[in-house]
Amino acid sequence: MNEALWIIACMVPAGMAVTYVWRLLGVMAVAHIDPESDLLLWVRAVSTALVAALVMRIVIAPSGVLADIGLVSRLAAIAVGIGAFYVTRRSTNIATFASVAALGVLALVLG
Amino acid sequence: MQDASSPEQDAAAPAYDWSGIWGGVRAALSLPGLVMSCSFIGFGALINSLGFPLLAGVATIPLIWALPGQVLFVTMWHSGVALLLIAAAVSLTAVRLLPMVIGVLAQVRIPGAPRWPEYLLSYFTAVTIWVLSVTHLDKVPKRQHLPWLIGLGATLMTAMCIVVPVGYYMADLLPPVLAACMVFFTPAFFLLSLIASAKWRFDWAAVAAGIVLLPLARWFAPDFDLMLAGVGGGTLAFLLFRPRRKGLIGKGQPHE
């Protein structure tokens with residue numbers, strides 16, 4: 001309980017404030033900002049790469065239950081998801097379910 | 001109450017029609033709510049597998065309310081990374097909320113009406129809200145748009161606070177393979193969302209750079225892997241594939 005409260009206390013500046021500042025700026029700027037400025041394009045590229053890196057981190061270096069499934073199964077399940085995305089003509093929802101299902105099947109077959 | 005669909009009334013007294021909230025509440029209980037629930041069940045399973053306290057995990061919902069930032073926070077906290085680095089990484093993923101808020105508000109705000117509802121809506125704005133604002137609102141009267149999205153956002157946020165503990169405890173009850181599948185929901189959904197929303201060459205380059213650079217960054221500096229691959233890979237993608245043509249972003253989709 002104390003640990004949870006300590007984390008939440010850290011989350012207010014390091015999670016909430018740094019997130020909501022962008023929402024507030026969006027409201028204030030809605031009439032003025034140039035959405036094509038180089039700064040916003042760079043930010044878009046960095047946040048995209050950061051989320052892609054986060055995915056890779058969870059896939060190649062997971063902890064807990066996911067770590068008990070082999071690396072080959074994890075990577076192959078991601079590949080199945082990408083394949084399903086194009087087969088279903090770009091349905092993110094179906095492809096996500098396909099990727100998760102593939103992980104389950106591959107885990108049972110390959111470990 | 002005046003007729004919401006009457007254009008003369010719109011012009012005479014710019015104001016929102018708050019009866020629109022209930023349409024948004026109903027929309028939250030349909031398919032988008034289900035897909036979002038699966039991701040948050042996965043998030044609950046993830047925090048369980050990291051040994052992250054459930055209460056703090058649920059607190060990320062009202063405090064951060066953007067799944068990439070929430071996953072980054074709990075993952076980096078688990079790795080024992082310095083708080084300043086966590087804040088920087090979470091903030092970098094949240095910058096995308098700025099164009100997203102602008103995109104949503106530009107569609108639904110009524111110029112001349114009080115501005116506080118816009119701040120309230122920005123609190124709930126994340127990728128699901130943005131997607132629904134372009135796909136569902138054409139059937140809703142204009143003065144109900146903003147209340148509709150606030151009803152949707154408030155309902156989804158409340159529902160996810162219930163869904164995360166469900167995922168957390170399910171992870172303990174399920175066979176290990178199924179529990180692993182639930183955790184896998186989040187990375188699969190993130191990657192496919194990135195691919196689905198990539199429009200320009202630098203988007204693709206950024207996805208590829210993040211994926212390729214993470215193992216390298218992990219090898220050289222495990223504590224800074226996400227920051228190195230994210231900031232380094234994104235900057236590289238931006239410098240190599242920066243769009244030369246103007247008029248790109250306005251037509252594109254904010255993405256997450």
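The sequence lines fix the lettering, A, B, ..., with proteins before strands; numbering per chain opens at 1.
Looking only at heavy-atom pairs under 4.5 Å with chain A, the residue among B/Ile86, B/Ile195, B/Leu46 that has the most is B/Ile195. Heavy-atom pairs under 4.5 Å with chain A were tallied for B/Thr75, B/Leu83, B/Asn48; the largest tally goes to B/Leu83. Listed options B/Cys181, B/Ala188, B/Ala208 were ranked by heavy-atom pairs under 4.5 angstrom with chain A; first place goes to B/Cys181. Top candidate by heavy-atom pairs under 4.5 Å with chain B, chosen from A/Met16, A/Met11, A/Met56, A/Arg23, is A/Arg23. Interface summary for chain B: among A/Ala102, A/Ala84, A/Ser99, A/Ala67, the most heavy-atom pairs under 4.5 angstrom belong to A/Ser99. In terms of heavy-atom pairs under 4.5 Å with chain A, the best-connected choice from B/Ser49, B/Pro187, B/Cys38, B/Gly42 is B/Pro187. Comparing B/Asp225, B/Leu213, B/Val183, B/Leu50 by how many heavy-atom pairs each has under 4.5 Å with chain A, the most go to B/Asp225. Annotation: maximal heavy-atom pairing with chain A below 4.5 Å, among B/Val90, B/Leu55, B/Val95, occurs at B/Val95. Heavy-atom pairs under 4.5 Å with chain B were tallied for A/Leu54, A/Ile58, A/Ile82; the largest tally goes to A/Leu54.
Interatomic distance, B/Leu92 CG to A/Thr48 OG1, rounded to the nearest 0.5 Å: 11.5 Å. Of the inter-residue distances, the one linking A/Phe85 atom CZ with B/Leu191 atom CG reads 10.0 Å to the nearest 0.5 angstrom. Note: A/Leu24 CG to B/Glu118 CD = 12.0 Å, rounded to the nearest 0.5 Å. We find the CZ-CG distance between B/Phe184 and A/Leu103 to be 5.0 Å, quoted to the nearest 0.5 Å.
Both the backbone and the side chain of B/Leu192 come within contact range of chain A, with heavy atoms under 4.5 Å apart. Proximity to chain A (any heavy atom under 4.5 Å) is shown, for B/Phe241, by neither the backbone nor the side chain. Both the backbone and the side chain of B/Ala179 come within less than 4.5 Å of a heavy atom of chain A. For A/Ala95, the parts lying under 4.5 angstrom from a heavy atom of chain B are both the backbone and the side chain. With a 4.5 Å cut-off on non-hydrogen atoms, A/Ile69 touches chain B through its side chain but not through its backbone. In this structure, no portion of B/Ser39 lies under 4.5 Å from any heavy atom of chain A. With a threshold of 4.5 angstrom between heavy atoms, A/Val100 approaches chain B through its backbone and through its side chain. Looking at B/Pro111, there are no atoms closer than 4.5 Å to chain A (heavy atoms on both sides), in backbone or side chain. Residue contact with chain B, scored on non-hydrogen atoms closer than 4.5 Å, involves the backbone and the side chain of A/Leu66 alike. Only the side chain of A/Arg90 comes within contact range of chain B, with at least one heavy atom under 4.5 Å from a heavy atom of that chain.
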- Query: Would A/Arg57 and B/Ser79 satisfy side-chain contact (heavy atoms from CB on, under 4.5 Å), going step by step from the backbone distance to the final call?
  - Reply: CA-CA 12 Å; A/Arg57 158 75 99 74; B/Ser79 310; 3.7 Å; yes
- For side-chain contact (heavy atoms from CB on, under 4.5 Å), just list the numbers for A/Leu50 and B/Val231, CA-CA rounded to whole Å, side-chain angles, deciding distance to a tenth of an Å, and then say yes or no. CA-CA 7 Å; A/Leu50 193 53; B/Val231 178; 6.0 Å; no
- Query: Given the rule in the side-chain contact (heavy atoms from CB on, under 4.5 Å) test, do A/Trp42 and B/Thr235 qualify, once you have shown the distances and angles that lead to the verdict?
  - Reply: CA-CA 7 Å; A/Trp42 172 76; B/Thr235 303; 2.9 Å; yes
- Message: Run B/Ser122 and A/Val27 through side-chain contact (heavy atoms from CB on, under 4.5 Å) and show every step you take.
- Response: CA-CA 7 Å; B/Ser122 81; A/Val27 180; 3.4 Å; yes
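Within the 4.5 Å cutoff, the side chain of B/Ile211 has no heavy atoms near those of the A/Val55 side chain. Considering only heavy atoms from C-beta on, A/Thr92 comes within 4.5 Å of B/Ser193 through its side chain. Side-chain contact between A/Leu41 and B/Pro243 is present, with at least one heavy-atom pair separated by less than 4.5 Å. The closest side-chain heavy-atom distance from B/Trp77 to A/Cys10 is below 4.5 Å. Looking at A/Ile7 and B/Phe73, their side chains come closer than 4.5 Å, going by heavy atoms from C-beta outward. Within the 4.5 Å cutoff, the side chain of B/Trp65 has no heavy atoms near those of the A/Thr19 side chain.
Closest of all the heavy-atom pairs between B/Pro68 and A/Val51 is CB-CG2, 4.1 Å. Residues B/Leu63 and A/Tyr20 share a closest heavy-atom pair of O-CE1, 3.0 Å. Here the shortest heavy-atom pairing between B/Ala94 and A/Val18 reads CB-O, 4.2 Å. Shown here for B/Gly233 and A/Ala49, the closest heavy-atom pair between the two residues is C-CB, 4.0 Å. Counting all heavy atoms, side chain and backbone alike, B/Gly210 lies closest to A/Ala52 at CA-CB, 4.2 Å.
At most 12 non-hydrogen atoms from other residues, nucleotides or ligands lie less than 6.0 angstrom from CG of B/Leu84.
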